[in-house]
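Let me begin by presenting the structure, written as structure tokens, before commenting on it.
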Protein chains: 2
Amino acid sequence: MRKNRSPKPPEPCLLTECMQVIAGAWAPNVIWSLRAGPRRFNELKTDIPPVSSKVLSARLSELEERGVLVRHVRPTSPPSVEYELTALGEELIPALEAIVEVGHKLKQLRGYEPASEAAE
Amino acid sequence: MRKNRSPKPPEPCLLTECMQVIAGAWAPNVIWSLRAGPRRFNELKTDIPPVSSKVLSARLSELEERGVLVRHVRPTSPPSVEYELTALGEELIPALEAIVEVGHKLKQLRGYEPASEAAE
DNA sequence: AATCATAGTTACCATTAGAAACCTACTTGT
DNA sequence: ACAAGTAGGTTTCTAATGGTAACTATGATT
């Protein structure tokens with residue numbers, strides 16, 4: 001039996017830990033939408049068209065529990081609610097920026113590697 | 001009715017596109033484990049202890065279809081299978097590094113913000 | 001009084017993930 | 001020869017997650 005040939009990743013857990021903070025459908029998009037400033041529920045819904053109220057609501061609660069964002073209720077006529085990133089939430093932005101960066105490169109490479117669903 | 005107050009994110013879709021490439025349970029960990037070189041099925045399983053064979057197998061198939069990694073079957077005694085990142089797969093590493101970076105900062109901040117599950 | 005907007009909640013169904021057992025081909029031990 | 005072990009999965013079953021659509025409460029507007 002052989003031992004590890006490649007030097008094993010020193011901290012696989014840190015990856016997982018951060019992923020758990022941004023886990024859940026549309027969570028990265030929510031954080032991304034909030035990076036420019038606070039936004040309201042329906043603004044987030046139009047920022048992220050495919051998300052439903054239910055999932056957005058669930059995601060916002062979870063992200064609040066995780067300390068990624070805060071919820072402010074303002075006593076306007078129909079009470080308006082604003083969501084805003086915390087300091088912890090802002091720490092996540094560089095990672096999301098890196099992901100968006102990769103998004104650009106992926107479009108180029110996908111021209112050469114058609115490994116999508118054209119195959120039988 | 002008011003219009004968008006914060007300048008809306010210019011490319012929310014690129015985030016989603018990249019996230020779809022690394023979507024699925026343990027997919028980021030698989031890519032992370034492969035960043036140092038090719039690895040075999042059971043090596044990946046021990047790299048990522050909580051993953052089950054079924055999910056790992058599903059993830060590897062998906063990542064192969066997406067062009068993130070390639071599967072090499074080598075005609076050894078019990079045929080051994082190696083998984084290796086493609087060029088596209090390697091493009092993802094900077095994003096994962098950024099996520100790991102954030103993982104470090106999160107540990108510090110979490111000391112100040114206990115918003116986990118202690119609440120009622 | 002009926003309607004609308006905001007910020008959700010609820011019910012129902014489809015998909016995904018996780019746990020554990022099982023499978024096939026080949027090698028080694030007795 | 002026969003049993004067990006190893007590599008790389010697949011199958012089955014259950015639990016959690018996500019998607020769709022309908023519904024709700026409060027106050028403002030017509």
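Proteins come first, then strands; the chains are lettered A, B, ... in the order of their sequence lines, and each starts at number 1.
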Quiz item: When rounded to the nearest 0.5 angstrom, what distance separates CH2 in W32(A) from CG in L14(B)?
Solution: 9.5 Å
[X]: what forms a side-chain hydrogen bond (donor to acceptor under 3.5 Å, both in side chains) with it, not counting sequence neighbours?
X       : answer
S77(A)  : none
S57(B)  : none
S52(A)  : none
E101(B) : none

Practice problem: Only counting residues at least two apart or in another chain, list the ones meeting side chain to side chain contact (heavy atoms under 4.5 Å, CB included) with P78(B). | Solution: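 P78(B) satisfies side chain to side chain contact (heavy atoms under 4.5 Å, CB included) with no residue once adjacent residues are dropped.
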Self-check item: With sequence neighbours excluded, residues passing side chain to side chain contact (heavy atoms under 4.5 Å, CB included) with E84(A)
Solution: P38(A), V70(A), H72(A)
Nearest whole Å is fine: how far is [N] [atom2] from [X] [atom1]?
X      : N      : atom1 : atom2 : value
L60(B) : dG9(D) : CG    : C1'   : 11 Å
R71(A) : dA7(C) : CZ    : P     : 9 Å
R39(A) : dA7(C) : CZ    : P     : 12 Å
E43(A) : dA7(C) : CD    : P     : 8 Å
D47(A) : dA7(C) : CG    : P     : 13 Å
K45(B) : dT6(D) : NZ    : P     : 14 Å
Y83(A) : dT6(C) : OH    : P     : 14 Å
L56(A) : dA7(C) : CG    : C1'   : 10 Å

Quiz item: Which pairs count as salt bridge (Lys or Arg N to Asp or Glu O under 4.0 Å) when at least one residue sits in residues 52-62 of chain A, sequence neighbours excluded?
Solution: R59(A)-E62(A), E62(A)-R66(A)
Quiz item: If you find the nucleotide of DNA chain D closest to S57(B) and the one closest to N42(B), which residue's nucleotide is nearer the 5' end?
Solution: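 Closer to the 5' end of DNA chain D: N42(B).
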Quiz prompt | Summary of protein contacts for nucleotides 14-30 of chain C, nucleotide by nucleotide, where a base hit scores B, a sugar-phosphate-only hit scores S (4.0 Å, heavy atoms) | solution = ---BBB------SS---
Quiz item: In degrees rounded to 10°, what angle is found between the helical axes fit to the five outermost pairs at each end of the helix from dA1(C)-dT30(D) to dT30(C)-dA1(D)?
Solution: 20°
Exercise. Indicate yes or no: does K105(B) engage E91(A) in a salt bridge with an N to O separation below 4.0 Å.
Key: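 Yes, this pair counts.
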